Amino acid sequence: MTTCPSTDDQHPGSRDGAGVLASRLIDVGREEFAAEVWGRKALLTRGASDFSDLFSSAAVDELISRRGLRSPFLRVAKDGATLPVSSFTSGAGVGATIGDQLDDTALWRHFRDGATLVLQALQRTWEPLAAFTADLADELGNPVQANAYITPPQNQGFDDHYDVHDVFVLQIEGTKRWVLRPPVLEAPLRDQPWTDRRDAVAEAAANEPYIDAVLEPGDALYLPRGWLHSATAQGEVSIHVTLGIHNWTRYAVAEEVTQSVLALLREDPQMRQSLPLGSDGPDREVLDLVREKIAAVLDDADPSAGLARTRRGQARPAPLGPLAQLAALRGLQAHTDDADDADDADDAGSPRFVLRGHLDARLEGSRLWTRVGWLDFTEGELAHVKPALAGDSITAEQAGRELVERLLRSGVLVPADAVPAEVRPGVGTPSSTET
């Protein structure tokens, strides 16, 4: 494999203006990756990026010992098995009646004895990874989860297995040997885990590896869902982050089409009729009728609403501080009141507001769909809203105080000075989620 150019002198989120995929994770062009690698084969990139801004050993210690995390945010594995939650959790102490917070002493003992610590859903608990995964999810068009694996020297957390989502592995500290083999089931779905094919996985694990390599800090590894893998720490503690890509599939689209068809058939009185009395099941006539009805409504079935709901429910918008948002709302009110008193409509120095990040905003006609709900606008309001949807900032003098207040109260707009210009979002247009 070739090695990516150094990114030390560039912004951590970009290389020559590229997104995080090409700038930090792969050493081939985005188009080549999409056409020849994505979902097809594993890819090892040496020296992909310096990942120290995303995660570290200090982050591990802080999350485990100081953040008060509860059991769903951590697993412990040893000798290929996951340990009981009760073995590394305890009560939270005075003032917090919680019985399953992480017990740092118990975790230290497990780790000392060779267990792997797995910090899960770091996109919810560690801000650098939260921002990174949100950017990557927007770029890939698929939800992204971040987990960290902390493995003692010469230990292996899990035996050969496959995942039901694509994965990018980022080696953070230490080294780890990865052994990859092609899948026993190509492109498995969420309900087709490797545990259903233990014998086939065990047999395939004896085959010649596709990749057998030791990852060092800064290396990145991509493997599509279904690819068999195992990983073993070398002579020091290994920390790596996996970015799990929860892939949209054609099967998911088919599920939504089917639900749309069924919704239409519910409105057909003939389909709601009972089978003949005493029938022991549908006969050929009934089956033919059902097929005809399905074919008749199939072209009218629109899965877009269901797909949009699922898509928006699988990720979260950018963080929103309620106190900061209230301060912005009050500041807007005070400014416009002062402007009214002075009879001054000049927006120079007026508070400016931008679209909140990662809303997955979609404008359909006069309705704006986002991850925090939907809003309808008049034609006049749309003329003022569209600049914000395109990534520009707006003021109350431009758009009207009532409209800006409404967007602030709904959590769609945020103060512009809280969002760097280079990461301001823009609106999308309705598109297929098929991959």
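All of these numbers come straight from a predicted model, not from anything done at the bench. When a residue number appears, it is its place in the shown sequence, counting from 1.
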**Asked** Can you say whether the rings of F55 and W126 are parallel (under 30°), tilted (30 to 60°) or perpendicular (over 60°)?
**Response** perpendicular
**Prompt:** Does the N155 side chain pair with the main chain of P153, one donor and one acceptor, at a distance under 3.5 Å?
**Reply:** yes
**Asked** Under 3.5 Å, is there a donor-acceptor pair linking the side chains of T125 and Q120?
**Response** no
**Request:** Give a yes or no on whether E203 atom CD has more than 12 heavy-atom contacts from other residues, nucleotides or ligands under 6.0 Å away.
**Result:** no
**Request:** Would you tell me whether Q234 and R177 have side-chain atoms, one donor and one acceptor, within less than 3.5 Å of each other?
**Result:** no
**Prompt:** Do you see a donor-acceptor pair shorter than 3.5 Å between the side chains of K176 and T151?
**Reply:** yes
**Request:** Answer yes when R30 and E139 have at least one side-chain N-carboxylate O distance shorter than 4.0 Å, and no when they do not.
**Result:** yes
**Message:** A side-chain contact here means heavy atoms from C-beta on lying under 4.5 Å apart; do L170 and T242 qualify?
**Reply:** no
**Message:** Minimum heavy-atom separation for L54 and P128, please, with both atom names.
**Reply:** O-CB, 3.7 Å
**Prompt:** So how far is it from L264 CG to Q259 CD, rounded to the nearest 0.5 Å?
**Reply:** 11.5 Å
**Request:** Would you confirm whether R356, through its side chain, and A318, through its main-chain N or O, come within 3.5 Å as a donor-acceptor pair?
**Result:** yes
**Request:** Search all heavy atoms of V184 against all heavy atoms of A204 and return the closest pair with its distance.
**Result:** CG1-CB, 3.5 Å
**Message:** Could you check whether any side-chain heavy atom of L298 comes within less than 4.5 Å of a side-chain heavy atom of V257, counting everything from C-beta outward?
**Reply:** yes
**Message:** Determine whether a donor-acceptor pair (N or O, by modelled atom type, separation under 3.5 Å) exists between the side chain of R109 and the backbone of L107.
**Reply:** no
**Asked** Between H110 (side chain) and S87 (backbone), is there a donor-acceptor pair under 3.5 Å?
**Response** yes
**Prompt:** Does any N or O in the side chain of D50 come within less than 3.5 Å of the main-chain N or O of S52, such that one atom is a donor and the other an acceptor?
**Reply:** yes
**Request:** Work out which heavy atom in V167 is nearest to a heavy atom in V169; give both atom names and the distance.
**Result:** CG1-CG2, 3.7 Å
**Item:** Student check: side-chain heavy atoms of L180 and L221 closer than 4.5 Å
**Value:** yes
**Message:** Whether the T232 and Q156 side chains hold a donor-acceptor pair (N or O, under 3.5 Å, no angle test) is what I'd like checked.
**Reply:** yes
**Message:** Whether the D166 and N247 side chains hold a donor-acceptor pair (N or O, under 3.5 Å, no angle test) is what I'd like checked.
**Reply:** yes
**Request:** Report yes if some heavy atom in the side chain of L403 is under 4.5 Å from a heavy atom in the side chain of L407; otherwise report no.
**Result:** yes
**Request:** Please check if any side-chain donor atom of T175 sits under 3.5 Å from a side-chain acceptor atom of E216, or the reverse.
**Result:** no
**Message:** Which label fits H161 and W194: parallel for a plane angle under 30°, tilted from 30 to 60°, or perpendicular past 60°?
**Reply:** tilted
**Prompt:** Would you say Q398's side chain and H384's backbone share a donor-acceptor pair under 3.5 angstrom?
**Reply:** no
**Message:** Are F377 and L368 packed together at the side-chain level, in the sense that at least one heavy-atom pair is separated by less than 4.5 angstrom?
**Reply:** yes
**Prompt:** Got a sec: does the CZ of R367 have more than 12 other heavy atoms crowding it under 6.0 Å?
**Reply:** yes
**Request:** Please report the shortest heavy-atom distance between A42 and Y210, naming the atom on each side.
**Result:** O-CE2, 3.9 Å
**Prompt:** Hey, is the main chain of H335 close enough, under 3.5 Å, to the side chain of Q333 for a donor-acceptor pair?
**Reply:** no
**Request:** Give me the ring orientation class for H240 and W178: parallel if the planes are under 30° apart, tilted from 30 to 60°, perpendicular past 60°.
**Result:** perpendicular
**Asked** Using 4.0 Å as the upper bound for N to carboxylate O, is an ion pair formed by K78 and D113?
**Response** no
**Request:** Mind checking the OG-CG spacing from S90 to D103? Nearest 0.5 Å is all I need.
**Result:** 3.5 Å
**Request:** Would you indicate whether the side-chain heavy atoms of L69 and Q101 approach each other to under 4.5 Å?
**Result:** no
**Value rounded to 0.5 Å, distance of OG1 in T258 from CD1 in I294** = 8.5 Å
**Message:** For the backbone of A48 and the side chain of T45, can you confirm whether one donor and one acceptor N or O come within less than 3.5 Å of each other?
**Reply:** no
**Prompt:** Taking atom types as modelled, is there a side-chain donor on D138 or H358 under 3.5 Å from an acceptor on the other?
**Reply:** yes
**Asked** Is the number of heavy atoms from other residues, nucleotides or ligands under 6.0 Å of R266 CZ greater than 12?
**Response** no
**Item:** Under 3.5 Å donor-acceptor, S49 side chain and F51 backbone
**Value:** no
**Request:** May I ask you to say whether D199 pairs ionically with R197, meaning some side-chain N is under 4.0 Å from a carboxylate O?
**Result:** no
**Request:** Check S393 against A416 and note the closest heavy-atom contact, atom names and distance.
**Result:** CB-CB, 4.3 Å
**Prompt:** Between V414 and L320, is a side chain to side chain contact (heavy atoms under 4.5 Å, CB included) present by the stated rule, with each step listed?
**Reply:** CA-CA 8 Å; V414 295; L320 183 74; 3.6 Å; yes
**Item:** Check against side chain to side chain contact (heavy atoms under 4.5 Å, CB included), K41 and I211
**Value:** CA-CA 11 Å; K41 63 183 180 181; I211 288 179; over 6 Å; no
**Message:** Any side-chain to backbone donor/acceptor pair from H229 onto W227? Under 3.5 Å, distance only.
**Reply:** yes
**Asked** With no hydrogens and no angle check, do the side chains of N147 and Q145 hold a donor and an acceptor under 3.5 Å apart?
**Response** yes
**Fill in**
Nearest heavy-atom approach of A146 to L243 is CB-CD2, 4.0 Å
**Request:** Carefully, step by step, assess F353 and V404 under the rule side chain to side chain contact (heavy atoms under 4.5 Å, CB included).
**Result:** CA-CA 8 Å; F353 304 95; V404 173; 3.8 Å; yes
**Message:** Do L413 and V354 have side chains that approach each other closer than 4.5 Å (heavy atoms only, starting at C-beta)?
**Reply:** no
**Residues I150, T116; criterion side chain to side chain contact (heavy atoms under 4.5 Å, CB included); working and verdict** = CA-CA 6 Å; I150 304 94; T116 291; 5.8 Å; no
**Request:** Can you measure from CG (L363) to CG (L382) and round to the nearest 0.5 angstrom?
**Result:** 6.0 Å
**Message:** I want to check something: taking the side chain as every heavy atom from C-beta on, are F111 and V237 in contact at a cut-off of under 4.5 Å?
**Reply:** yes
**Message:** So, taking the atom named CG in L375 and the one named OG1 in T370, what distance separates them when rounded to the nearest 0.5 Å?
**Reply:** 6.5 Å
**Message:** Between D100 and R70, does any NZ, NE, NH1 or NH2 come within less than 4.0 Å of an OD or OE carboxylate oxygen?
**Reply:** yes
**Message:** I need the L136 CG to L25 CG distance, nearest 0.5 Å.
**Reply:** 6.0 Å
**Request:** May I ask you to say whether E62 pairs ionically with R66, meaning some side-chain N is under 4.0 Å from a carboxylate O?
**Result:** no
**Prompt:** Hey, is R24 close enough to D53 for a salt bridge, meaning N to O under 4.0 Å?
**Reply:** yes
